[in-house]
Trainee: 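One structure, pasted below without further comment.
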Amino acid sequence: MLRTHTCGELNIKNVGQKVKLCGWVHSIRDHGNLKFIDLRDRYGVTQIVCSPMEVNEEVWEKLKEIKNEYVISLEGIVVKRPEETVNKKISTGEIEVKLVSFEILNYCKSLPFDVGSNEKISETLRLKYRYLDMRRESFQRNLIKRSDFVFAVREFLKDNNFVEIETPILTKSTPEGARDFIVPSRLNPGKFYALPQSPQLFKQILMIGGFDRYYQIAKCFRDEDLRADRQPEFTQIDIEMSFIDENDIISLVENLLKYSIEKTFEIKVDIPFRRIKYEEAIDKYGTDTPDLRMNVEFMDLTEIFKKSGVMILKEIIDKGGKIKGFFVKDGEKISLKDIEEYNDFVKNSGGNGIGWIKFKGEEIQSPFKKYLKEDILNDIRELPYYSPKGILFFLGGEKEWVTITLKNLIDKMKNKLIEENKFSFVWIVDFPLFEYNEEEQRIQSVHHPFTSPREEDIELLDKEPLKVKARAYDIVLNGIEIGGGSIRINKRNLQEKIFKIIGLNENIYLQRFGFLLESLEYGAPPHGGIAIGLDRLVMILLGEETIRETIAFPKTQKGVCLLTDAPNEVEEQLLKENRIKIDIQKDL
RNA sequence: GGGGCCGUAGUUCAGCGGUCUAGAAUGCCAGACUGUCGAUCUGGAGGUCGCGGGUUCGAAUCCCGUCGGCCCCGCCA
């Protein structure tokens, strides 16, 4: 070992010891005949002190060569700092190491950005020099927290009898769902593997193989456009269980999250989480990923405004439209200028504008004031979420448009509506099994085609498939979907029926999923599971705005790795061996 | 496929109703300094204002295109 201690380890108890340290030169403070060097590794910073009185001339001369981010090893004596020079900001602040000798293990060029400061650096540079970015405290902390969190997850699952099993990365393309990344097969010219969008089918097969509790920290790949919370490759905590129902999975995940989050972060997790039905979520929040930190629910105000004399609203109602709205509890947070902005936003979304009533005790302020008689106001005051100094916002029009526009509106007001920054988990349940894809003119699965319908809805499959509910559940944290799962189909005939409903004919589904169908005939137990987006979850727990802050080597929005410059062109020979011809129109 | 924002010393930014011979801070280089920890002080170097074209007597600044980064819609079973 080149070192006896790390740079975060020494304290007053080590005074007098001769130690060896290794690390990066964090900063040098040169006072002429007295130099301080902060030596850093991932455990902390230790101050090295040296003066020409204390070291031999050769060492003192060589010290002049050292610059920031040089890697050095050194030997020295731990000494107590003079009382008035103790640094309370660092764990090693009570001591310093008096230099005896040192060695430069490697030099460092002039840096593209300052590793020692917390200054915001453009992400382009951070990604190109990721190894320097990683030396910075904030990003280092993120990766360490992620590691700790994953460890806690494994610990919990191990304690609960789960077996961690790896599934293939080179697997079969199944065109349902996201676009696949494909890999040519040299041994099978013209054929391709696909990278897994998730280990879905393998984990079901594992259930059939008798591993009734499986998990994996699984890499998944989807060739779709990137977002702040979406990367082409990402990691899921993938779980599957046999002989269980929805409540077992939900309760397992609640306990898993409580254990792992409380162990890793200073965050309290209260379980069980609230459950909201899909339809209710859409109706009250305009989305199936509601952010319950905002204390806001949409209400149908059509009946109330029917009685008002406001012509615009009356016309909307007569045409079959709806009036929906919501209260902002603390109306003082919203200025007339803000309302102006919201009004413009609604107009840009295709509406006439936003209606509003600001309550000030008995008084009100509203563009519709003269049409709002006491009985209507009294009805409004009876509504849930009313507060004497709140504002009611409302909007009329076609029901779905109203809901979506209200949802977009509360997103704009988000920072005024979130009262405390907590972590708000919610389950969304009772999803429909299918939805209609207008573009492709066909029925498709809301989750995936292996999701089981509710027992009581099976008879609806033939006549009214869109009314069938799924045994599926999504988990949402602060308005972001962090996971989802379902009870799966474990009977061949039901699975075949679902394939047919989503428009796969027998030839196709046998070719794509024949192996699954066959396995279902060999004693497939009832089973189900869930997948939790690890990068996203950690992102939220860390308070980060992008998933890239939780991934060591992420890609840019164009899917490029700025560190390695992937993707790149490959050797002609490799293309030949894989029987691939490139067909790109080169611009001239 | 579409919409928006951004691109100026190594870095973070200012300048953008045309005059800039492009500034600041920090970093870098040289020198001074025995208690600093964002050390301090003195001096210095450092820029094809992403790239290409246009308008203009004159463009970092206005216009068009292009490249790159970010955010969003579509897409993500």
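Remember, predicted model here, so these are calculated numbers, not experimental data. Letters A, B, ... mirror the listed sequences (proteins, then strands); counts begin at 1.
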Trainee: How would you label the contact of A/Val446 with the nucleic acid (heavy atoms, under 4.0 Å): base, sugar-phosphate, or nothing?
Mentor: sugar-phosphate

Trainee: Whether the side chain of A/Arg81 and the base of B/U36 hold a donor-acceptor pair under 3.5 Å is what I'd like checked.
Mentor: yes

Trainee: Generate the contact string for nucleotides 68-74 of chain B. Rules: B means base contact, S means sugar-phosphate contact only, - means no protein heavy atom under 4.0 Å.
Mentor: SSBBSBB

Trainee: Using a heavy-atom distance cut-off of less than 4.0 Å, which residues of residues 85-102 of chain A contact RNA chain B?
Mentor: A/Thr85, A/Asn87, A/Lys89, A/Glu96

Trainee: Looking only at the side chains, is there a donor atom on one of A/Asp238 and A/Tyr214 sitting less than 3.5 Å from an acceptor on the other?
Mentor: yes

Trainee: For A/Asn118 and B/G38, what is the distance between atoms CG and C1' respectively, to the nearest whole Å?
Mentor: 11 Å

Trainee: Without decimals, in angstroms, what is the distance between A/Arg536 CZ and B/C76 P?
Mentor: 13 Å

Trainee: Would one find more than 12 heavy atoms of other residues, nucleotides or ligands at under 6.0 Å from atom NZ of A/Lys399?
Mentor: no

Trainee: Say we look at B/C13 and B/U8: how far apart would their P atoms be, to the nearest angstrom?
Mentor: 9 Å

Trainee: How are the rings of A/His448 and A/Phe450 set to each other: parallel, tilted or perpendicular (split at 30° and 60°)?
Mentor: tilted

Trainee: May I ask you to check whether A/Tyr509 and A/Glu496 show a side-chain donor-acceptor distance below 3.5 Å?
Mentor: yes

Trainee: Over 60° means perpendicular and under 30° means parallel, so classify the ring planes of A/Phe431 and A/Tyr278, tilted if in between.
Mentor: tilted

Trainee: Which atom pairs link the protein and nucleotides 4-10 of chain B when you take only N or O atoms and keep those under 3.5 Å?
Mentor:
residue, atom, partner, partner atom, Å
B/G10, O2', A/Pro112, O, 3.0

Trainee: Looking only at side-chain atoms of A/Asp38, point me to the closest of B/U34, B/U11, B/C37.
Mentor: B/C37

